*Asks:* 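This is the structure I have questions about; it appears just below.
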Amino acid sequence: VKSRPDALHKSWFAFKPAYAGVTSDDPSSTAATATSGDNFTTWLPTWYDTVLNLLNEEKRQSTTVFGLDHAAEMIAKVFKECFRPITPSFRTRLENLYSSSVSAQSKGSFESVCSIYESSIRFLVMVYEIIAGTFLDAVDSGATMKDDTGVELYKQIMDTFAQVASPFRNYIIGYAKLENKHFEAIAQTTFRSMQQTVTQSSSSGLASADGLQNAINQLKATAPEIFPKLDVSLERFALMDGGFRANDGLATVDKSV
């Protein structure tokens with residue numbers, strides 16, 4: 001089992017991440033101009049696809065060698081081994097992309113971490129379908145023992161899922177503060193434009209009816225720019241927090257508004 005994902009591990013550790021094409025939350029960052037390496041955000045889903053191919057191949061081989069009644073268990077073991085040696089490296093790559101510490105500067109953006117988390121959730125759903133589907137095939141064929149309810153297999157899968165998701169733990173716990181930091185960074189252009197409108201209108205005669213109306217018209221034209229950003233912020237909240245801790249998530253949006 002330990003040797004099955006060797007090629008995957010070599011591919012993982014051979015990857016040299018860079019930040020080309022990554023939008024940074026830090027306006028002074030030069031990450032977006034990097035010219036060497038690959039973008040971890042776009043590379044990871046292709047690596048996930050390779051893992052899924054390996055698991056499907058393991059299903060075929062295990063069914064042939066051990067029988068359908070043992071295939072799901074073998075797939076689960078191989079899946080666990082795929083991530084056992086790389087979890088610390090996964091965490092490091094996320095932190096290098098965007099720190100889970102609010103006070104730290106980052107090369108990339110919080111959106112990049114959220115995108116990786118979303119692709120990871122989709123990947124885990126497909127893994128579950130492979131393993132659970134194999135177990136159900138065995139049940140339907142009568143290959144499993146009558147007292148085998150699949151509970152132990154389910155616990156094994158969930159333990160591995162927790163391991164795979166562990167690099168995101170600090171981002172989920174600190175979501176509200178990280179989102180606030182990120183939102184302020186991406187919305188500062190709009191905020192500055194609105195502030196500039198008010199400042200210019202004040203200096204040119206805001207007290208007059210025409211000056212006041214002009215300021216209102218300019219603000220009305222600028223304000224809608226912020227609403228798409230707020231919508232995306234709420235989508236990140238649903239993704240990263242799953243709707244839990246709603247007060248913290250909504251407070252971030254309220255503060256921004």
Side-chain angles (χ1 to χ4, degrees), residues 4-25 31-60 75-100 106-134 157-172 175 178-179 182 186 231-242:
R4 289 288 283 140
D6 279 352
L8 282 170
H9 296 158
K10 290 179 181 178
S11 172
W12 177 273
F13 290 111
F15 173 74
K16 302 300 181 184
Y19 302 94
V22 175
T23 302
S24 174
D25 282 354
T33 63
T35 57
S36 62
D38 294 310
N39 186 334
F40 185 56
T41 309
T42 56
W43 175 84
L44 183 62
T46 66
W47 189 82
Y48 281 159
D49 287 341
T50 307
V51 176
L52 294 172
N53 290 336
L54 174 64
L55 297 183
N56 279 313
E57 176 61 19
E58 182 62 33
K59 175 181 179 179
R60 186 189 66 79
I75 298 171
K77 289 181 178 180
V78 170
F79 171 57
K80 181 177 182 178
E81 190 59 31
C82 287
F83 284 86
R84 182 189 58 79
I86 72 165
T87 302
S89 172
F90 198 152
R91 183 179 295 106
T92 298
R93 288 179 181 181
L94 288 179
E95 290 290 343
N96 286 338
L97 181 61
Y98 191 84
S99 176
S100 61
S106 297
K107 300 174 183 176
S109 76
F110 188 46
E111 288 182 1
S112 301
V113 173
C114 294
S115 175
I116 292 172
Y117 182 68
E118 184 175 13
S119 65
S120 299
I121 293 298
R122 291 176 178 173
F123 163 71
L124 293 178
V125 169
M126 288 186 280
V127 169
Y128 185 83
E129 289 177 349
I130 293 174
I131 302 175
T134 303
I157 297 172
M158 291 301 104
D159 286 344
T160 307
F161 278 14
Q163 174 190 345
V164 175
S166 62
F168 298 95
R169 181 175 184 272
N170 289 339
Y171 296 95
I172 294 173
Y175 163 77
L178 290 169
E179 175 63 28
H182 170 69
I186 63 172
D231 288 340
V232 175
S233 176
L234 290 173
E235 290 175 2
R236 284 193 293 270
F237 165 63
L239 170 67
M240 300 301 289
D241 262 6

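In this text, all values refer to a predicted model and were calculated from it rather than measured experimentally.
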*Asks:* Any non-hydrogen side-chain atom of P17 less than 4.5 Å from a side-chain atom of N96?
*Replies:* no
*Asks:* Check whether Y171 reaches the backbone of L94 with its side chain - one donor and one acceptor, N or O, closer than 3.5 Å.
*Replies:* yes
*Asks:* Go through the steps to decide whether Y48 and V127 satisfy the test side chain to side chain contact (heavy atoms under 4.5 Å, CB included), and finish with yes or no.
*Replies:* CA-CA 10 Å; Y48 281 159; V127 169; over 6 Å; no
*Asks:* Hey, is the main chain of F237 close enough, under 3.5 Å, to the side chain of Y175 for a donor-acceptor pair?
*Replies:* yes
*Asks:* Applying side chain to side chain contact (heavy atoms under 4.5 Å, CB included), run through I116 and L97 and close with a yes or a no.
*Replies:* CA-CA 11 Å; I116 292 172; L97 181 61; 3.7 Å; yes
*Asks:* For S115 and T41, which heavy atoms make the closest approach, and how far apart are they?
*Replies:* OG-CG2, 3.6 Å
*Asks:* Just so I know, are the side chains of F15 and W47 near enough to count as touching, which here means a heavy-atom distance under 4.5 Å?
*Replies:* no
*Asks:* Roughly how far apart are T134 OG1 and I75 CD1, rounded to 0.5 Å?
*Replies:* 3.5 Å
*Asks:* Please check: side-chain N/O of W12 versus main-chain N/O of F83, any donor-acceptor pairing under 3.5 Å?
*Replies:* no
*Asks:* Taking side chain as C-beta onward, heavy atoms only, is S11 less than 4.5 Å from T50?
*Replies:* no
*Asks:* Of all heavy-atom pairs between H182 and E111, which one has the smallest distance, and what is that distance?
*Replies:* NE2-CG, 3.2 Å
*Asks:* Taking all non-hydrogen atoms of both residues, which atom of I131 and which atom of A76 are closest, and how far apart?
*Replies:* CD1-CA, 4.0 Å
*Asks:* Check whether the ring centres of F110 and Y117 lie less than 6.0 Å apart, and answer yes or no.
*Replies:* no
*Asks:* Using the ring of each side chain (for Trp, its six-membered ring), is F79 parallel, tilted or perpendicular to F161, with breaks at 30° and 60°?
*Replies:* perpendicular
*Asks:* Identify the heavy atoms of L178 and N170 that sit nearest to each other, and give their distance.
*Replies:* CD1-O, 4.4 Å
*Asks:* Side chains of L44 and F123: does their closest heavy-atom pair fall under 4.5 Å?
*Replies:* no
*Asks:* Are any side-chain N or O atoms of H9 and backbone N or O atoms of E81, one a donor and one an acceptor, separated by less than 3.5 Å?
*Replies:* yes
*Asks:* When you compare the side chain of D49 with that of P45, does any pair of heavy atoms fall below 4.5 Å?
*Replies:* no
*Asks:* Could you go through R91 and T87, starting from their C-alpha distance and side-chain angles, then the distance that decides it, and tell me whether this counts as side chain to side chain contact (heavy atoms under 4.5 Å, CB included)?
*Replies:* CA-CA 6 Å; R91 183 179 295 106; T87 302; 4.1 Å; yes
*Asks:* Would you say V125 and E129 make side-chain contact, with heavy atoms under 4.5 Å?
*Replies:* yes
*Asks:* Can you find a heavy atom in the side chain of M240 that is under 4.5 Å from one in the side chain of E179?
*Replies:* no
*Asks:* Distance check, rounded to the nearest 0.5 Å: N56 atom CG versus R60 atom CZ?
*Replies:* 11.0 Å
*Asks:* Is any side-chain heavy atom of K16 closer than 4.5 Å to a side-chain heavy atom of W43?
*Replies:* no
*Asks:* For the residue pair F13 and P85, what are the closest heavy atoms and their distance?
*Replies:* CZ-O, 3.7 Å
*Asks:* Roughly how far, to the nearest 0.5 Å, is the CD1 atom of I172 from the OG atom of S166?
*Replies:* 10.0 Å
*Asks:* Show the nearest heavy-atom pair for residues Y98 and G108, with the distance to one decimal.
*Replies:* CD1-O, 3.5 Å
*Asks:* Please determine whether side chain to side chain contact (heavy atoms under 4.5 Å, CB included) holds for the pair K80 and K77, giving the CA-CA distance in whole Å, both sets of side-chain angles, and the decisive distance to 0.1 Å.
*Replies:* CA-CA 5 Å; K80 181 177 182 178; K77 289 181 178 180; 5.8 Å; no
*Asks:* Say you draw a straight line from CE of M126 to CD1 of I121; how long is it, rounded to the nearest 0.5 Å?
*Replies:* 11.5 Å
*Asks:* Would you find a donor on one side and an acceptor on the other, under 3.5 Å apart, between the side chain of T92 and the backbone of P88?
*Replies:* yes
